[in-house]
Amino acid sequence: MMNRLLIATAFLAWLTSAQAEPLRVASLSTVMADLARQIGGERVEVTEIVKAGVDPHIYEPTPGDRKTMAKSQILLASGLGFEGYLDKIRPGLEKSGVRLVVGGDVVKPIEGSCDEHEGHDHAHGHSHGTTDPHWWHSISNVQAVAAQICNAFVAADPEGKATYEMNNKNLQTRLAALSKWVRLQLAALPKANRVLVTSHDALGYFAKDNGFEIFAVQGISTSDQPSSQKVKRLIGEIKARKVKAIFAENIENPKVLEQITNETGAKPGGVLYADGLGSGPAGTYEGMMKSNVSTIVEALK
Amino acid sequence: MRGFPLLRLFLVAAGLALLGVPVWLLTRPAPSAPPPASAPIEPQKMAVYEVLLTTSAPARLAVRVANQPSVESEGPATSLSASFTMNAAEPEDLAVFGNFDPAAGNCALRVEVRIAGKPLADSTFWGTGLVEDVVTIPKP
Ligand SMILES: [Zn+2]
């Protein structure tokens with residue numbers, strides 16, 4: 001009898017300790033890391049490999065990063081060519097038993113306006129097709145990726161199913177509220193003013209959802225270089241459309257943007273978070289989206 | 001030719017004018033107008049949009065359109081009408097608000113948009129307390 005009691009106690013203790021061990025999640029995307037924290041709560045431990053403020057277009061994993069990825073149970077990545085090194089590291093990760101969750105697999109991709117092949121440098125470190133990898137600027141894509149992360153967590157940790165599903169449901173409600181908030185803010189912005197001039201072409205999904213036109217100095221990667229003809233044409237467009245403001249990005253602020261502001265008389269509209277989350281209030285997806293929308297409405301209305 | 005001084009004068013003048021064309025082309029001031037934009041801006045066709053808000057319970061009502069003064073009810077009301085003159089080629093979105101007494105429970109806010117009596121949009125939003133949303137008017 002005593003023996004049975006001891007075995008039962010030991011089994012219970014093992015169960016508790018098994019639950020206390022959090023799911024190890026590594027993320028190459030600041031946006032997906034935020035979603036993972038919100039869905040996983042205390043059941044997951046999220047390690048951000050690419051942190052806010054790092055230019056993900058030119059980031060390359062260090063040996064230490066590779067070790068962190070190999071030790072994780074789930075690795076989150078944006079996909080659609082955003083992480084040019086992903087295909088290279090995929091076989092090694094699969095061998096280590098890491099489950100790869102690629103957001104780009106479940107979103108509705110759009111084409112990037114990669115219109116400048118003359119003088120446009122494609123020999124940069126990251127590889128991209130013409131698909132725009134910045135899917136998180138559409139809230140409906142983020143809702144799809146949140147559901148994808150939830151499913152991956154349930155598959156890796158079935159014990160936490162109820163928690164993950166409840167957290168995902170709450171997150172979906174908050175994202176729907178955010179979507180309505182965005183539409184309400186943008187209703188104050190005349191449609192004729194919905195022109196976004198940015199450093200690189202990162203806000204295509206936002207533009208498609210909300211009826212904006214994009215004029216980007218660079219292509220869909222921060223490493224794309226504009227030709228002088230493109231800059232000249234852009235200056236003409238900005239003057240013709242009487243664009244009020246031009247936006248910088250939290251990571252990139254090329255000199256060419258300054259030249260355009262000087263030559264067109266458009267004012268600097270503020271900083272947009274293009275390639276992921278920022279810090280402070282923009283350190284969450286909701287905060288980042290609210291910051292971008294407020295900056296855009298304030299500058300263009 | 002020699003006997004026609006007027007004709008000679010005309011021919012000389014015409015020759016000089018022709019020679020002047022390339023010089024003028026090279027030296028004329030650069031056009032100050034910016035290069036044409038890729039999307040031509042259509043001439044505006046203004047139209048009057050009639051908006052009617054109706055509710056299932058009294059609420060403070062408001063409707064807003066970009067760049068125009070908002071129209072608000074004086075205190076709680078069950079209807080509010082407004083009209084906005086907008087470019088029919090690209091009408092602005094309507095932001096609509098109904099602030100209900102939370103004790104009234106789930107309430108409805110209906111928004112109807114018409115041009116000269118012809119219905120263009122009809123949406124109903126439900127909620128408790130503050131019900132707010134955006135109505136996008138289809139282009140004609
Ligand atoms: Zn980018």
Side-chain angles (χ1 to χ4, degrees), chain A residues 113 115-116 139-140 173 176-197 201 207-216 227-244 260 263-266 293-294 296-301, chain B residues 30-47 49 51 53 62-71 82 84-99 109 111 113 121 123-140:
Chain A
S113 55
D115 57 345
E116 288 291 297
I139 297 173
S140 58
T173 307
L178 177 65
S179 180
K180 191 201 272 186
W181 182 90
V182 169
R183 281 186 291 125
L184 277 163
Q185 299 305 305
L186 292 175
L189 192 61
K191 292 195 173 165
N193 295 13
R194 297 191 188 189
V195 179
L196 280 177
V197 183
D201 191 6
K208 187 171 180 270
D209 279 3
N210 301 297
F212 279 78
E213 239 183 295
I214 298 251
F215 294 122
S227 64
S228 56
Q229 289 107 302
K230 181 174 180 177
V231 174
K232 216 167 142 189
R233 206 167 60 221
L234 207 58
I235 288 171
E237 293 269 14
I238 293 163
K239 282 181 177 170
R241 301 291 295 270
K242 298 186 177 73
V243 176
K244 286 187 175 181
I260 294 170
E263 286 192 31
T264 58
V293 170
S294 303
I296 289 167
V297 172
E298 198 48 48
L300 296 181
K301 79 176 176 196
Chain B
S32 59
S38 59
I41 298 156
E42 286 176 33
Q44 296 206 341
K45 292 178 211 133
M46 304 308 274
Y49 290 81
V51 182
L53 270 58
V63 53
R64 286 179 204 155
V65 160
N67 274 358
Q68 297 200 35
S70 67
V71 178
F84 298 99
T85 304
M86 294 189 278
N87 179 8
E90 201 170 48
E92 304 295 346
D93 293 341
L94 304 172
V96 292
F97 305 85
N99 204 349
L109 168 65
V111 185
V113 185
S123 312
T124 303
F125 306 106
W126 291 86
T128 308
L130 178 63
V131 177
E132 53 182 358
D133 220 307
V134 174
V135 176
T136 299
I137 304 170
K139 289 178 194 175

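Worth knowing before you read on, the calculation uses all heavy atoms, side chains too, and leaves out hydrogens, waters and symmetry mates. This one's a predicted model, so the numbers in the text were calculated from it and none came from an experiment.
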Exercise for review: Can you see which heavy atom on A/Pro190 is nearest to which on B/Ala66, and at what distance?
Suggested key: N-CB, 3.6 Å

Point to revise | Smallest separation among heavy atoms of A/Lys191 and B/Glu92, with atom names | key: N-OE1, 2.9 Å

Practice item. Pick one of side chain, backbone, both or neither for A/Leu184, based on which atoms fall under 4.5 Å of a heavy atom in chain B. Key: both

Under 3.5 Å, which donor-acceptor pairs do the side chains of residues 124-140 of chain B form with other protein atoms, sequence neighbours left out?
| from | atom 1 | to | atom 2 | distance (Å) |
| --- | --- | --- | --- | --- |
| B/Asp133 | OD1 | A/Arg183 | NH1 | 3.0 |
| B/Thr136 | OG1 | B/Asp93 | OD1 | 3.4 |

